[in-house]
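Worksheet for the structure shown next.
Since the structure is predicted, the reported quantities are computational estimates derived from the model, not experimental observations. Convention: sequence-line order gives letters A, B, ...; per-chain numbering from 1.
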Number of protein chains: 2
Amino acid sequence: MGLLQTASNSPYGYQDPHLEVDFVRKYASLDSHRLVLTRKEYELLALLVENAGEIIPRHMLLMRVWGYSQEIRTRTLDVHVRRLRKKLGSYSDQYIETIFGIGYRFQPFRMTQRFSGVFQPIAMGA
Amino acid sequence: MGLLQTASNSPYGYQDPHLEVDFVRKYASLDSHRLVLTRKEYELLALLVENAGEIIPRHMLLMRVWGYSQEIRTRTLDVHVRRLRKKLGSYSDQYIETIFGIGYRFQPFRMTQRFSGVFQPIAMGA
DNA sequence: GTGGAGTTGTAAATGTTTTGTAAAAACCGG
DNA sequence: CCGGTTTTTACAAAACATTTACAACTCCAC
């Protein structure tokens, strides 16, 4: 389909030319060097990566990683995202996107800046 | 009826050769590029697109998107419409029509640019 | 047609909310 | 305790929303 697929994702792990996350052994590597992540940092990354390409709302992240309920307001998430980004170095912006007013999204690595141009209907009900 | 129907609309999304709006995932794309819309911008667009072809009065838009009641007068709507149009680029005029004294209308894309032009005034108050 | 009241378009200023960041405090297992 | 981790705090910065002020436009009465 003319799109260079450079990232693979599965229940067992995620992999692209720079980043690798092993959901089974619970660690991540950047350019073949193991990342030293704390538990929360890893869980946050894993949750984002498992849902690569999808926006995960703050409350969902706080729920899944911290066990917090909807109404809790805290900057904890942001602080952890910051530390994660720091460890992801120069790729951080490419990988972890901020969705204003909603949450965050992990964007899988792409070689080519996708420009499909083709008009292809999305599934529209029955 | 000799009119090339090129746009499809459903509870799940709207699509034509240029514009696509996914009501489920809440985003829109223009020529296959995702539009970066703020929440209000998206909600405004979605409401218009969901009722494509129909005139939506100002007070209805202000009610549905902003929660404002009838009597509130504000330019907020106009400013948002402007920003939406800007992001819709060269198609903006084609898509978002101003109905003087009443509101706005999203006009679904049509291959044959049949000049509608005519506006049948609806009953204007008693 | 013309004028004028009312409506919409627009840019810029202002206000509000959300996120980023550094630093300090609290926590927690060993 | 001690060192690493996590959370909180406090403020800065960014994103977004609204208001303001005025220009441009539309429509209708004349």
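Within the model, atoms NE2 of A:H18 and OG of A:S29 stand 13.5 Å from one another, a figure rounded to the nearest 0.5 Å. One distance of note links CG of B:L35 with NZ of B:K87; it measures 8.0 Å at 0.5 Å rounding.
Taking side-chain N and O atoms only, B:Y104 has no distance below 4.0 Å to OP1 or OP2 of C:dT7. In this model, the phosphate group of C:dT21 is not approached by any side-chain N or O of A:R85 to a distance below 4.0 Å at OP1 or OP2. Applying the 4.0 Å criterion to OP1 and OP2 of C:dT7, one finds that B:T98 has every side-chain N and O outside that range.
Heavy atoms of A:I72 sit nowhere under 4.0 angstrom from any nucleic acid atom.
Atom C1' of nucleotide C:dT17 and atom CD1 of A:I102 are separated by 14 Å, given to the nearest angstrom. In this structure, CG of A:D78 is placed 16 Å from P of D:dA14, rounded to the nearest angstrom. Taking atom CG of residue B:D93 and atom C1' of nucleotide D:dC25, one finds them 14 Å apart after rounding to whole Å. As rounded to whole Å, 11 Å separates atom P of C:dT19 from atom CG of A:L61. What separates OH of A:Y42 from C1' of D:dT5 is a distance of 18 Å, to the nearest Å. The distance between atom CD of A:E43 and atom C1' of D:dT7, rounded to the nearest whole Å, is 16 Å. Atom CG of A:L84 is separated from atom C1' of D:dT5 by 14 Å (rounded to the nearest Å). A:L44 places its CG atom 15 Å from the C1' atom of D:dT7, with the value rounded to the nearest Å.
Ring centroid separation for the pair B:F109 and B:Y91 does not come in under the 6.0 Å cut-off.
With DNA chain C read from its 5' end, the first of the two nearest nucleotides for B:R58 and B:K86 is the one closest to B:R58.
When each of B:Y95, B:F23, B:F106, B:Y27 is tested with B:Y14 by the rule ring pair (Phe, Tyr, Trp, His ring centres under 6.0 Å), just one qualifies, namely B:F106. A side chain to side chain contact (heavy atoms under 4.5 Å, CB included) with A:Y104 holds for exactly one of A:I56, A:L84, A:L77; it is A:L77.
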Original post:
What is the per-nucleotide protein-contact pattern of nucleotides 16-22 of chain D, from the 5' end, where B denotes a base atom under 4.0 Å from a protein heavy atom, S denotes such proximity for sugar-phosphate atoms only, and - denotes neither?
Top reply: SBBBBB-

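In terms of heavy atoms, A:W66 sits closest to A:L61 at CE3-O, 3.6 Å. Between A:D78 and A:R58, the closest heavy-atom pair is OD1-NH2, 2.8 Å.
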